[in-house]
Amino acid sequence: MSTWSEYCKPVAVLLTICVVVGLLLSGVNAMTAPTIAANEEAAANEAYFAALPEADAFTPLECGVDGVTAALRADNGAGYVITAQSRGYGGMVPAAVAFSREGEILNVVMMDNDETPGMGSKVADAGFIANFVGRAAQPLVLEDIDAISGATISSRAALNAVNLAIEAFHQITGGEAG
Amino acid sequence: MNEKVKIVWNGIIKENPSLRLVLGTCPTLAVTTLAANGLGMGLSATFVLICSGVVVSALRNVIPGKVRLPAYITIIATFVTVLMMLVKAYLPALNSSLGVYLPLIVVNCIILGRAEMFASKNKVLDSALDGLGMGLGFTLTLVLMGSIREILGSGTLFGLNLHLPVEPMIVFITPPGGFFVFGILMAGVIFLEEKTGQRRERKAGCAGCPSAEFCQAKESE
C-alpha cells in the first residue's frame with residue numbers, strides 16, 4: 001500500500017469533510033442566530049410579565065447578590081421583578097418574584113425546574129405560592145410557610161430563592177422601602 | 001413485496017431499533033414522559049438518520065476504512081447541530097421539552113449503527129429509505145411508550161385531559177416507571193415473536209447482540 005492511501009488520504013478526506021461541514025454550519029448559524037436570540041429574550045420577558053402583568057416594559061438593574069439572575073424595574077413604576085435561584089432536589093429552582101415599590105411581595109412565579117413530578121414540582125402550585133403573596137419583603141424562615149409535605153428540600157429551595165430576591169430588593173432600593 | 005417498501009418496513013417491525021435491535025435506549029427511556037415529546041424526539045432522530053444515511057452512503061467509496069468512525073461522527077454531529085439550531089429558532093417549545101437529549105442525538109447509537117451497518121454498504125436511495133424506516137420505527141415506539149406513560153402517569157394524552165376515573169399514577173412519569181413500561185413492551189415483542197413463530201434465539205455476550213451479524217469487531221477477532 002502506498003504512502004498516499006495509507007497515511008495521506010485518510011487525513012485529507014477527514015480534513016475536507018470538516019471544512020465543508022464548518023462552512024455549512026456557519027451558514028445555518030448565520031441564518032438562525034437572530035431568531036434564536038429573539039426567542040430567548042421573549043421567553044425571559046414572558047416570566048417577567050407573568051410575575052408583574054401591570055408593567056409596560058422593564059429596565060435591568062445591577063445586582064451583586066449571589067443566586068440572583070436578573071433584577072428589573074418596571075418603567076411605569078408598577079414595581080420590581082427579581083429572578084433568583086437556589087439548589088433544590090433535581091437542580092436549580094428558579095423563581096421570579098414581583099415586589100411593589102412599597103416592598104410588598106405581589107406575586108411569585110416558579111420558572112421551569114426539574115423537581116420530582118407530583119412532589120417537588122408542586123412548588124409552582126397556587127396553594128404554595130399563596131404562602132408568599134402579600135408578605136412584606138422581610139426574610140422568611142421555613143416555619144413561616146406551609147411547606148409541601150414530602151418535598152421539604154424543594155420547599156426550602158423555593159423559599160431560599162424568594163429570600164435571595166428579597167435581599168436583592170433591599171440592595172437595589174437602598175433599604176429605604178419595606 | 002417491493003424491495004424498497006421492504007427496506008422501510010424492516011425498520012418499523014422486523015428490526016425495530018428500540019424493541020428488537022435494542023438501540024437508542026437512553027432517549028427511549030428519558031423523553032417518553034409525554035407522547036408529544038416522544039413524537040418530537042422520534043422525528044428529530046428520523047431527520048438525522050435520513051440525512052446522515054444519504055451522506056455516508058454517497059461518500060462510502062471515498063472515506064477510507066481507517067477514519068470511517070470519525071468521519072461518520074462528524075457527519076452525524078453536523079446534522080444534529082443543524083437540527084438543533086432549526087428547532088431552537090422555529091420550535092422553541094420542543095427545544096425546552098427535549099432539553100439535553102436533542103444534542104445527545106449525536107451519540108444515539110441507532111444513527112451510528114445504521115451508518116456502519118447499512119449506509120456504508122448500500123446505495124444512496126436505499127440508505128435514505130433505511131433511515132426513514134428506522135426513524136419511523138423509533139418514532140412509533142417512542143409515541144407508544146410516551147402515550148402509555150402519559151395516560152397512566154398524568155391522565156392526559158398529547159396534553160388533552162382524558163378525565164380518567166382513577167388518580168394518575170405518578171410513578172409512570174418517573175424513571176422507574178419508564179423502565180417498567182419498556183420491560184413490558186419488550187416482553188410484548190417476545191410474546192408476538194412466539195405467537196407468529198419467529199422466536200429469535202437470544203444468547204448472552206457478543207453473540208447475543210442483535211447486531212452481531214453486521215459487527216465488524218467480530219470479523220477482526
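Only heavy atoms go into these numbers, but all of them, side chains included; no hydrogens, no water, no symmetry mates. Below, chains carry the letters A, B, ... as their sequence lines are ordered, and counting in each starts from 1.
- By the side chain to side chain donor-acceptor pair (under 3.5 Å) test, B/S127 pairs with B/S57, sequence neighbours left out.
- Ranked by non-hydrogen atom pairs under 4.5 Å with chain A, the options B/N95, B/I75, B/V62 are led by B/V62.
- Between A/F99 and A/Y80, the ring center distance fails the sub-6.0 Å criterion.
- Proximity to chain B (any heavy atom under 4.5 Å) is shown, for A/V28, by both the backbone and the side chain.
- Ranked by heavy-atom pairs under 4.5 Å with chain B, the first of A/V11, A/T16, A/V21 is A/V21.
- For the pair B/R114 and B/E15, the salt-bridge criterion is met [side-chain N within less than 4.0 Å of a carboxylate O].
- Of the atoms belonging to B/I170, it is side-chain heavy atoms, and not backbone ones, that fall under 4.5 Å from chain A.
- Annotation: the span from B/R68 atom CZ to A/L14 atom CG amounts to 13.0 Å, rounded to 0.5 Å.
- Looking at B/K88, both its backbone and its side chain come within 4.5 Å of chain A, counting heavy atoms on both sides.
- Taking B/T156 as the reference, B/E150 meet the side chain to side chain donor-acceptor pair (under 3.5 Å) condition, with sequence neighbours excluded.
- At a 4.5 Å heavy-atom cutoff, the contact between A/L25 and chain B is made by backbone and side-chain atoms alike.
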